[in-house]
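Notes to accompany the following structure.
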Amino acid sequence: MQKDLIRLMRDPNLIPPEKQTLLSSIAGQAASMNMPCYLVGGFVRDILLGKPVNDLDIIVEGDAIQFGESLVKKYGGKLTPHTKFRTAIWHLPLTFAQSVQSASLDLITTRNETYLSPGALPTIKPSTIGDDLLRRDFTINAMAVRLDGEHFGELLDPLNGQADLEKKIIRILHPRSFMDDPTRIFRAIRYEQRYGFFLDPSTLHLINSECFAVLNTLSGQRIRHEIDLIFAEENSLKMLLRLSDLGVFNRFDPNMPKINEKYLALQNSIPPAEFPISVDRVLLGYLLWLFDSPVEIVNALSKRLDFTSDLSNATLAAAQLKNDLIPCKDFKPSAWTFHLEKIPLSVIYALWLITNEPALKEFIVKWRHVKAKSTGDDLKARGLPPGPRFGEILPQLRAAWLDGKVHSFEDELKLLETLIR
Ligand code: ATP
């Protein structure tokens, strides 16, 4: 097994060579300090699945701050220590940062966690790697691979995570797991649907009204974080449907919007080539999810899930714009443009995906770029003193372009003369 894991860890398709160099630098330093050092969680899971790895979760059986300080001394960069949890962020020196395309790395001290009450954040104490693996969510995430010295490539798998990976099973580590932290329900479904795995029957059985009651006590921010992670996934629709079937949303809040499969499937659509916009995938997910909901429900949900101000503004603007679409139908391009300009582009794009309203596409592709050629300086040069009239004349010139009333600079100048007079 060890040989196999070493082969996977040296595979440049799974870990790019630059990341491997970073890992051997870390491993070398840990070995010189006699400090056992591991990669844990998603790294081990994904590498055993033969998938390229992204996150490097480094933990040491010792003091991560002291370890971080020694890395800074040897390789450079900066350290932000968190003394309370004995963790540190290593802001990588430029050479590493550029080659691994990541600015920093978390260094964690192995620890155990105690939940003083269901759903509360855990109390943390430094401990052994064995304890650290026991605090984790699922067996497939409770494996570590050792990095330092001759131990390089040793797999620690006290809970048979590798066997569960092979059987495609998501299994919690103890019966109180979902009660301790009901956000694990979301995590379980995320892995289940991401990898096409199955929840172990006894794990599934424990997603019940008892842990739903605890879920209801969690802060909006914690739940929203889980929904954000789901919207970031390619299979977000399947995940939401599964959570909905399990009753998670309903129990959490009976006003939670229903999952509209047709709309949410649009999250994976690729913007047409003529759309020069990049839309945040997570934001788009929320917009499509909430499309059918009236403003009051969006407002209530925004409060319950503690939406960020950007998310709250965008979802409310979408709810409002949706209501405006029919009354705006016969608007001229200029009226559409002046109306749409106040709304985030991602909202307009989401609404276009659903409604196919041609004016929304025209706005994104063309209208928003149309500007009058004259400027405030031109008005001044014609003897008009700066003031409120500027704010009337320039939009009128722009509207004339948008509505096809002028087609050339000469036309615009003629109109300008008339407007000034
Ligand atoms: P992903 O590919 O989804 O990012 P990951 O395993 O890297 O997967 P993280 O959220 O980065 O996921 O968490 C890293 C590790 O921390 C997990 O693999 C798991 O061992 C542990 N972990 C994260 N969240 C929890 C939780 N709520 N309860 C217990 N362990 C957790």
Side-chain angles (χ1 to χ4, degrees), residues 14-15 19 38-60 64 85 87 89 102 104-116 118-124 127-145 155-162 164-165 169-197 203 206-207 211 214-215 217-219 221-236 238-239 243 248 281-282:
L14 303 182
I15 312 178
K19 257 190 191 158
Y38 309 85
L39 279 161
V40 276
F43 177 95
V44 188
R45 179 194 68 222
D46 285 343
I47 202 136
L48 287 173
L49 285 172
K51 294 187 184 298
V53 293
N54 295 314
D55 292 351
L56 301 179
D57 290 318
I58 303 274
I59 60 173
V60 289
F85 299 121
T87 63
I89 302 171
S102 165
S104 63
L105 202 65
D106 290 341
L107 306 169
I108 315 279
T109 300
T110 47
R111 62 202 198 192
N112 71 18
E113 289 181 348
T114 325
Y115 290 85
L116 294 178
L121 292 172
T123 311
I124 290 165
S127 190
T128 59
I129 180 71
D131 280 349
D132 194 289
L133 294 178
L134 281 178
R135 75 178 171 89
R136 293 178 181 265
D137 46 6
F138 310 111
T139 56
I140 60 164
N141 282 345
M143 292 180 276
V145 58
L155 178 70
L156 275 79
D157 182 14
L159 299 149
N160 295 323
Q162 200 186 2
D164 280 347
L165 262 189
I169 285 179
I170 311 287
R171 190 196 309 270
I172 43 172
L173 307 193
H174 56 87
R176 285 194 57 80
S177 184
F178 289 133
M179 297 288 288
D180 283 345
D181 178 357
T183 65
R184 291 173 185 161
I185 302 171
F186 292 83
R187 295 179 63 83
I189 300 305
R190 203 150 50 80
Y191 296 121
E192 182 198 49
Q193 299 299 319
R194 183 198 291 171
Y195 298 119
F197 281 16
T203 294
L206 287 164
I207 302 184
C211 67
V214 183
L215 180 69
T217 66
L218 297 198
S219 71
Q221 202 192 2
R222 279 181 76 188
I223 310 266
R224 181 172 45 77
H225 176 66
E226 297 303 323
I227 302 178
D228 285 357
L229 292 176
I230 285 181
F231 278 131
E233 301 261 349
E234 203 182 326
N235 282 344
S236 53
K238 282 191 185 166
M239 295 170 188
L243 285 164
V248 174
R281 182 176 169 83
V282 174

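Whatever order the structure lists ligands and atoms in, that order sets their numbers, starting from 1. The figures here come from the full heavy-atom set of this structure, side chains too, leaving out hydrogens, waters and symmetry mates.
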**Report entry** Close side-chain approach of Y115 to R176, heavy-atom, < 4.5 Å
**Finding:** no

**Report entry** salt_bridge(R222, D181) N-O dist < 4.0 Å
**Finding:** yes

Report task. To the nearest 0.5 angstrom, please state how far the CZ atom of R190 sits from the CG atom of L229. Result -> 4.5 Å

Query raised in the report: Does some side-chain heavy atom of I58 sit less than 4.5 Å from a side-chain heavy atom of Y38?
Result: no

Query raised in the report: Among L218, T217, I207, which one satisfies side chain to side chain contact (heavy atoms under 4.5 Å, CB included) with P182?
Result: L218

Requested in this report: Please list, chain by chain and in numerical order, all residues satisfying salt bridge (charged side-chain N to carboxylate O under 4.0 Å, His left out) with D228, sequence neighbours excluded.
Outcome: R224

**Report entry** Close-range residues for ligand 1, whose non-hydrogen atoms fall below the 4.0 Å threshold
**Finding:** G41, G42, R45, D55, D57, R135, R136, D137, N141, D181, T183, R184, R187, R190, Y191, R194

